Amino acid sequence: MNWTADEAAKTFFEEREVEMALDYHKCAQEIVNNIGGRENVAQAAHCATRLRLVIKDNDKINKEALDNIEGVKGMFESNGQLQLIIGTGTVNKVYDEFLAITGMTAATKDDVKKAAAAKQPVWKQMLKTLGDVFVPILPAIVASGLMMGIVEALGKAIPSFSSSDWYGFLDLISNTAFAYLPVLVAISAARVFGGNIFLGAVVGLAMVHSALANAWSAGSADMVFDVWYLFGPNAPKLGSWVIGQVQQKGYQGHVIPVIIAVFIMSKLEAWLHKHIPEMIDLFVVPLCTIFVTLFITFTFIGPIFSQLETWVLTGAEWLVQNPIGACAMGALYPWTVVMGLHHMYNIIEAGMLASTGLNTWMPIASAANFAQFGACLAVGIKSKNAKTKSVAVPSSLSAALGITEPAIFGVNMRFFKPFICGMIGGMAGALFGALPRATALGATAYGVTGIPGYLTINQPLTYTLLLLISCGIAFALTWILWSEEAPETEKKTTAVQTTPEVGNLADAGSNVPLGLGVCVIRSSAGDIMKPINGDVIPYNKIPDPTFASGALGQGVGIEPRGGDIVYSPCEGTISSVAESKHAVGITGPNGQEILVHVGIDTVDMNGDGFVDYVKEGDKVKAGQPLVKFDQEKIKKAGHSSVVVLLLTNSDDYDDVRYGENLNN
């Protein structure tokens, strides 16, 4: 009997039998009783395994009682949601009873996400919004910044090149993203705020229109610009400002006014769609939206917020060039990464580039990141534990390239002393970068730090010294202050030794796979490592239409090479093991739902050629053996032996990345 991946997944996720009959109504009632009742619930939804609740007042939750409710296997809070792990095939029944008891209507996961986001503090919502606006345009900014650095370097190295046609052409290409940065910001902001992106583009284009004086080439700040008096020069005044006065100056050096303008545009557009008759909506809504938005922008938003932005940027530039301020930011920067707030710097860096063409914040970030690299590398070299070493070394290399999350979350924060040593190293490097020099140390792009920063930095030698100081101090302190604890002896569970369906763990051997520490799926919830050595392919290239469609989640496939054991890609709890032993479900950190599936259509082998080393409910560590398989038997059965690794709840996260070695 040949089963498709759909049928295998259905068997795996939906048709597992419940060991003991659960009273769904009782379970739902106890949940309601211990979360403060119906009046304390803002939204409720469920996914494949969890009941997702947005709670109004967390103080009314009885967490201890919730954890002891029959049917609730665990709980955690994430992104403003209380998530109760109930299990596949059960959570939907408990959810139906929950709705019947509370009288609530069914909501989607997106509804719950929105409700949870709205519950967050205003400052967190604002920072998230800024990140949502600037992160998507990073590729354009990075590409332009890198090219600007290369073109400028060639012009200095070869004087004749700076006057050539090629230089002029490349200079045009490289600075396009910065010359029209308000347009990119406007399009991205319209997407975030739910407005028409083409109307957003019009708003951005209007703010850098050729009829306006270019803010970069206009001269000094004291320059007098032509003025339009929309209500005449004798219109009422507010101080020295004439109502309806529009200064004929572009906003090439500003981004905050653009974001606010598009926010107003999006809200106005939505309001008009609701109140304008449908038969004239197509003509009236865009016309009124653009006119009103740009009138408010040029007469009010632009003049006020461009000045406020100038003050903020001046303060930020003073902070990073002031030794005390630079020290503080070099030390605190990793904490903002831990809290997920580091995207807030994008707006400062973008503003610096737009106004002066030099990002002086980048050296601070590089000092902090490279210090975490040094601390993590010290752990990797000093550690005698194979697992720690296999995670720390690749993670340190990732940090050297500007991606610090694996080093911070996987190593430095875990042992904590290396994290503190990294903070000290970042502080020292940032202090060096802020010392007085003829030219401020800075970059021509943002979003690039560490070693790739050489392509954008204006003083390579000074930058090298900054990196060496940051890394060297962090490495030395970690080497001196951090010592590895003796590992506890691994204990074999009775279930592993006595249950006939579970193989003997000793048969799996003790070698950690060479791929462990190589991240192949990354999101804000954590990293998922390569479970077996082999060639990685994206999920949409897996030779099965269901897996390739993404219906079961995003992830990768691995063509096995030189191994027959699949290891756990992360720490977690075994949520399910297929009767045919070819697939294992893992609940990972922060509610990640992970599927490890050996082979395509191997369910019809009925376990022949497979040995499993875990059972449902087992706690596993990264690198612990899960399944042993016979690749020759799989091939003789006419199946592909590709190992599928999916984050089945990938739609819960907005930042899922997947592919070969995301540490780099």
Side-chain angles (χ1 to χ4, degrees), residues 4-6 8-14 47-50 88 109 394 398 403 405-406 410 513 515-561 563 565-578 582-603 620 622-624 626-627 629 639-664:
T4 65
D6 274 327
K10 183 177 181 182
T11 299
F12 181 63
F13 285 111
E14 299 178 6
C47 58
T49 60
R50 289 166 286 155
T88 56
K109 286 191 287 184
S398 171
I403 308 298
E405 284 85 352
L516 187 64
V518 176
C519 176
V520 289
I521 304 177
R522 168 167 293 157
S523 73
S524 55
D527 290 353
I528 301 174
M529 304 302 176
K530 194 174 178 181
I532 189 171
N533 293 317
D535 300 322
V536 176
I537 58 175
Y539 73 91
N540 55 14
K541 299 295 184 183
I542 294 174
D544 178 90
T546 303
F547 288 134
S549 71
L552 297 178
Q554 299 178 44
V556 297
I558 302 102
E559 294 281 1
R561 188 177 65 243
I565 296 177
V566 178
Y567 298 83
S568 179
C570 65
E571 181 178 333
T573 302
I574 301 299
S575 56
S576 29
V577 179
H582 72 292
V584 177
I586 304 173
T587 299
N590 300 313
Q592 295 177 99
E593 296 168 6
I594 301 160
L595 170 63
V596 181
H597 190 287
V598 182
I600 303 300
D601 292 332
T602 46
V603 65
V620 293
Q624 181 173 329
L626 298 178
V627 178
F629 62 96
H639 304 306
S640 167
S641 60
V642 64
V643 175
V644 179
L645 178 67
L646 299 178
L647 180 61
T648 61
N649 62 332
S650 54
D651 61 341
D652 288 352
Y653 312 105
D654 297 326
D655 56 350
V656 177
R657 291 192 291 146
Y658 53 88
E660 176 68 78
N661 196 358
L662 297 179
N663 295 336
N664 294 328

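These numbers were taken from a predicted model, which means no experiment stands behind them.
When all heavy atoms are compared, the tightest approach of I586 to S575 is N-OG, 3.5 Å. Among all heavy-atom pairs drawn from Q554 and I521, the shortest one is O-CD1, 4.3 Å. Counting all heavy atoms, side chain and backbone alike, V656 lies closest to S523 at CG2-CB, 4.0 Å. Contact detail for Y658 and P538: the closest heavy-atom pair is CE1-CB, 3.8 Å. Across all their heavy atoms, I558 and P531 have their closest contact at CD1-CD, 3.8 Å. Nearest heavy-atom pair across L646 and G553 is CD2-O, 3.6 Å.
Screening V584, V596, I532 against V627 for a side chain to side chain contact (heavy atoms under 4.5 Å, CB included) leaves a single residue, V584.
The distance from atom CD1 of I528 to atom CG of L647, rounded to the nearest 0.5 Å, is 4.5 Å. Taken from CD1 in I542 to CD in E559, the straight-line distance is 9.5 Å, to the nearest 0.5 Å. Considering CD of Q624 and CD1 of I565, their distance stands at 12.0 Å, rounded to 0.5 Å. S568 contributes atom OG, which lies 7.5 Å from atom CD1 of I594 (distance to the nearest 0.5 angstrom). The distance from atom OG1 of T648 to atom CD of Q592, rounded to the nearest 0.5 Å, is 10.0 Å. Note that CG of L645 is 11.0 Å distant from NZ of K530, once rounded to the nearest 0.5 Å.
Side-chain N or O atoms of H597 include one that pairs as donor or acceptor with a backbone N or O of G599 at under 3.5 Å.
Taking D535 as the reference, R561 meet the side chain to side chain donor-acceptor pair (under 3.5 Å) condition, with sequence neighbours excluded. Considering only residues two or more places apart in sequence or on other chains, S640 meets the side-chain contact (heavy atoms from CB on, under 4.5 Å) condition with P543, I600, V642.
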